[in-house]
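Reviewing the structure listed below.
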Amino acid sequence: AQSVSQHNHHVILSEAASLELGCNYSYGGTVNLFWYVQYPGQHLQLLLKYFSGDPLVKGIKGFEAEFIKSKFSFNLRKPSVQWSDTAEYFCAVRGFNTDKLIFGTGTRLQVFP
Amino acid sequence: EAQVTQNPRYLITVTGKKLTVTCSQNMNHEYMSWYRQDPGLGLRQIYYSMNVEVTDKGDVPEGYKVSRKEKRNFPLILESPSPNQTSLYFCASRPTGSSYNEQFFGPGTRLTVL
């Protein structure tokens, strides 16, 4: 079955710490991969996406993610987090030439000053 | 401004009282979808629509109805709401025709069913 796993449910960091959020997917075939962020009380915003090409993709606000096809992973990273990064982060996968977006269960990130 | 709008943003209702949550997009997108977000479960698709008059069930369609009479609108209907439908609901849209298009999400509707 198609699925997305986010192993970190709740991450707590101090400002300036490095961040890596795990995302693994199960899907047979070519995929498009996404990370969405949801700040408190707000709607989902696209952080970054991978469609093809360079497996290291850079998004907004200093975030990046690396697609490792052999590991079915698309981990999100940021070298130095800020208090304003406090939010919930969702990984999502969509099969190539399909419309359905499958979400992971989300990771809640809390950054303390 | 290109956007997906939802109304209402917050709603408290009682069991069995029919309600409709509206969703509208001004980007001429063919594909529209409804999700519900619950703690620990992420976002799950309720219904989706590929175009006008074309709708289909997602992963959790029970207790919901949708319609797509116009391209821009995709209302979510709860004929007889129950407490287990208390959730945060998101509408989304995207253009079809290319696999490189992302989904755009509305601001969400927080529904409480007492």
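Labels below follow one simple rule: chain letters A, B, ... track the order of the sequence lines, proteins then strands, and each chain is numbered from 1.
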Quick check: is A/Phe51 connected to A/Tyr25 through a chain of hydrophobic side chains (ILVMFWY, heavy atoms under 4.5 Å apart)? no

Do you reckon A/Leu21 sits in the same ILVMFWY cluster as A/Val4, going by side-chain contacts under 4.5 Å, direct or chained? yes

At a 4.5 Å cut-off on heavy atoms, which part of B/Phe90 comes close to chain A: side chain, backbone, both, or neither? side chain

Do A/Tyr89 and A/Phe74 belong to the same hydrophobic cluster, where Ile, Leu, Val, Met, Phe, Trp and Tyr are linked whenever their side-chain heavy atoms lie under 4.5 Å apart, directly or via other members? yes

So what's closer than 4.5 Å to chain B heavy atoms on A/Leu46: side chain, backbone, both or neither? side chain

With a 4.5 Å cut-off on side-chain heavy atoms, are A/Tyr36 and B/Leu43 touching? no

For B/Arg44, does the CZ atom sit with more than 12 other heavy atoms under 6.0 Å from it, leaving out its own atoms? yes

Indicate if A/Tyr39 and A/Val81 have the same hydrophobic cluster label, given that clusters are the connected sets of ILVMFWY residues with side-chain heavy-atom separations under 4.5 angstrom. yes

Where on A/Glu88 is there a heavy atom nearer than 4.5 Å to chain B: the side chain, the backbone, both, or neither? side chain

Does atom CD1 (B/Ile12) have a neighbourhood of more than 12 heavy atoms from anything else shown, all under 6.0 Å? no

Would a single hydrophobic cluster contain both A/Trp83 and A/Ile60, if residues Ile, Leu, Val, Met, Phe, Trp and Tyr are joined by side-chain heavy-atom contacts under 4.5 Å? no

Using heavy-atom distances under 4.5 Å, tell me whether B/Gln45 contacts chain A through its side chain, its backbone, both, or neither. side chain

I'd like to check B/Leu88 versus A/Gln38 (side-chain heavy atoms, cut-off strictly below 4.5 Å). Are they in contact? yes

Decide side-chain contact (heavy atoms from CB on, under 4.5 Å) for A/Lys100 and B/Asp59; before the verdict, give the C-alpha distance in whole Å, the side-chain angles of both, and the deciding distance to 0.1 Å. CA-CA 10 Å; A/Lys100 183 173 181 177; B/Asp59 297 315; 2.6 Å; yes

Side chain, backbone, both or neither: which part of A/Gln6 has a heavy atom under 4.5 Å from chain B? neither

Residue part contacting chain A, namely of B/Phe104, when any heavy atom lies under 4.5 Å: neither

Interatomic distance, CD@B/Glu102 vs CG@A/Asn32, rounded to 0.5 Å, equals 11.0 Å

Under 4.5 Å from any heavy atom of chain A - which part of B/Gln37: side chain

Determine the minimum heavy-atom distance between B/Phe105 and A/His43, stating which atoms define it. O-CD2, 3.5 Å

Bottom line for B/Leu41: the part with an atom under 4.5 Å from chain A's heavy atoms is backbone

